Each structure stands twice: as C-alpha cells, then as structure tokens.
Amino acid sequence: MLVERGPQVWLGGVAALFLSLLWMRALLFPYPRLLLLPRAFSMASRPPDASDPASSDYVAGSVSVVFVTCPSEKIAKTIARSVVEKQLAACVNLVPHITSIYDWKGKIQEDCEVMMMIKTQTSLTPNLTEFIRSVHPYEVVEVISLPVQQGNLPYLHWVIAPLENDTI
C-alpha cells in the first residue's frame, strides 16, 4: 500500500540531496590541489641537483636492503653487531616481535621472531649471506636482498662508503 507524502517530505529529500552535493564538492575539489603541494612534503628523494656533482653519482641498485629473521633479540643483536664490525653492512635495524606463519616439513608453524633490516652495498651481499649462514642457528636461513633504486642520496652514499663518513 502506498502512502501519500506531502510537499514537506519532497522538499526535505531535495534539500538533503542538495546538501550532500555541496559536501561532496567540498570534499572532492580540494583533493586535486593536494597534488600541487611542493615536493618538500614528499618522503621521496629529490631529483639530483645538476650543480652538485656529488649528488648525481648514485647508481640505482648499488645499495641493497637485506632481510633476515632471527629466533630472538639476543641472536639478532649478536649477528647485527658482527655484520657491522666486519664491515659487511653500514647499518642494521632490528624489528622485534614479528609473527611468522609458514609451512615447515609439512606442518604449519607460527613463531615470534626478530626481523633484521640490513643496509649494505649490493656487491657485499654474497659475502654477507655466507657469513649469516655460518653463524645463524636456523637450518634454512631467510636472507632476502632487495636493491634500492632511489632514496635519500646522502644516506645512500654513506651506506656505500661508511668508513669515510663520521656521522649519518
């Protein structure tokens, strides 16, 4: 059964539609303007400055980030310190309390681990991998290397030549 509605309901519906269009316009139109913000607000690296020769000589992929999981923070710290002391990496970050879920020998496992994020020269990755395999307690060690295509140029240069720099 249809209920007849008066002009107040019809006007209320039109008003609601009109207000929603105004709000939609207010929400959508500022967004394209965000694209015009200066790159100073960007997390990406700036393009190299042609007037600064030191900033333009980074070769994409010459730095890598290597990920390694460890069973405990104590083991991760020991390996991290050894890697930096042996100059196989410039820096190691430890990310505690990650949860790893994986299939091991036909059974689903779930473990709390520590992730090592190792920043190194790509050319050192084979030696780094061999060293980690020699000291790590796992039967099959996770060592995954990803090349860095771009980033903060002073930091990337520091990773390439850590001994030539006193500070980050």
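Not measured: the values here are computed from a predicted model.
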Taking side chain as C-beta onward, heavy atoms only, is [X] less than 4.5 Å from [Y]?
X: S82; Y: V135; answer: no
X: F67; Y: L146; answer: yes
X: M116; Y: L94; answer: yes
X: V66; Y: L128; answer: yes
X: W158; Y: N152; answer: no
X: L88; Y: T120; answer: no

Heavy-atom closest pair, residues [X] and [Y]:
X: W104; Y: Q109; result: CB-CG, 3.8 Å
X: G151; Y: L156; result: N-CD1, 3.6 Å
X: E142; Y: I144; result: OE2-CD1, 3.5 Å
X: V141; Y: V68; result: CG1-CG1, 4.3 Å
X: S62; Y: Y58; result: OG-CE1, 3.1 Å
X: P71; Y: I75; result: CG-CD1, 3.6 Å

Does [X] share a hydrophobic cluster with [Y], counting links as ILVMFWY side-chain heavy atoms below 4.5 Å and allowing steps through other members?
X: V63; Y: V143; answer: no
X: V159; Y: L153; answer: yes
X: V148; Y: Y155; answer: yes
X: V140; Y: Y102; answer: yes

Between the main-chain N or O of I160 and the side-chain N or O of Q121, is there a donor-acceptor pair closer than 3.5 Å?
yes
Going by the rule ring-ring contact (aromatic ring centres under 6.0 Å, His included), which residues pair with Y138 if we only count those two or more places apart in sequence or in a different chain?
H136
Rounded to the nearest 0.5 Å, what separates atom [atom1] in [X] from atom [atom2] in [Y]?
X: E110; Y: I101; atom1: CD; atom2: CD1; result: 4.5 Å
X: I79; Y: I118; atom1: CD1; atom2: CD1; result: 8.0 Å
X: I132; Y: N127; atom1: CD1; atom2: CG; result: 11.0 Å
X: D111; Y: S72; atom1: CG; atom2: OG; result: 12.0 Å

Sole residue of H97, E73, K74 in side-chain contact (heavy atoms from CB on, under 4.5 Å) with V114:
E73
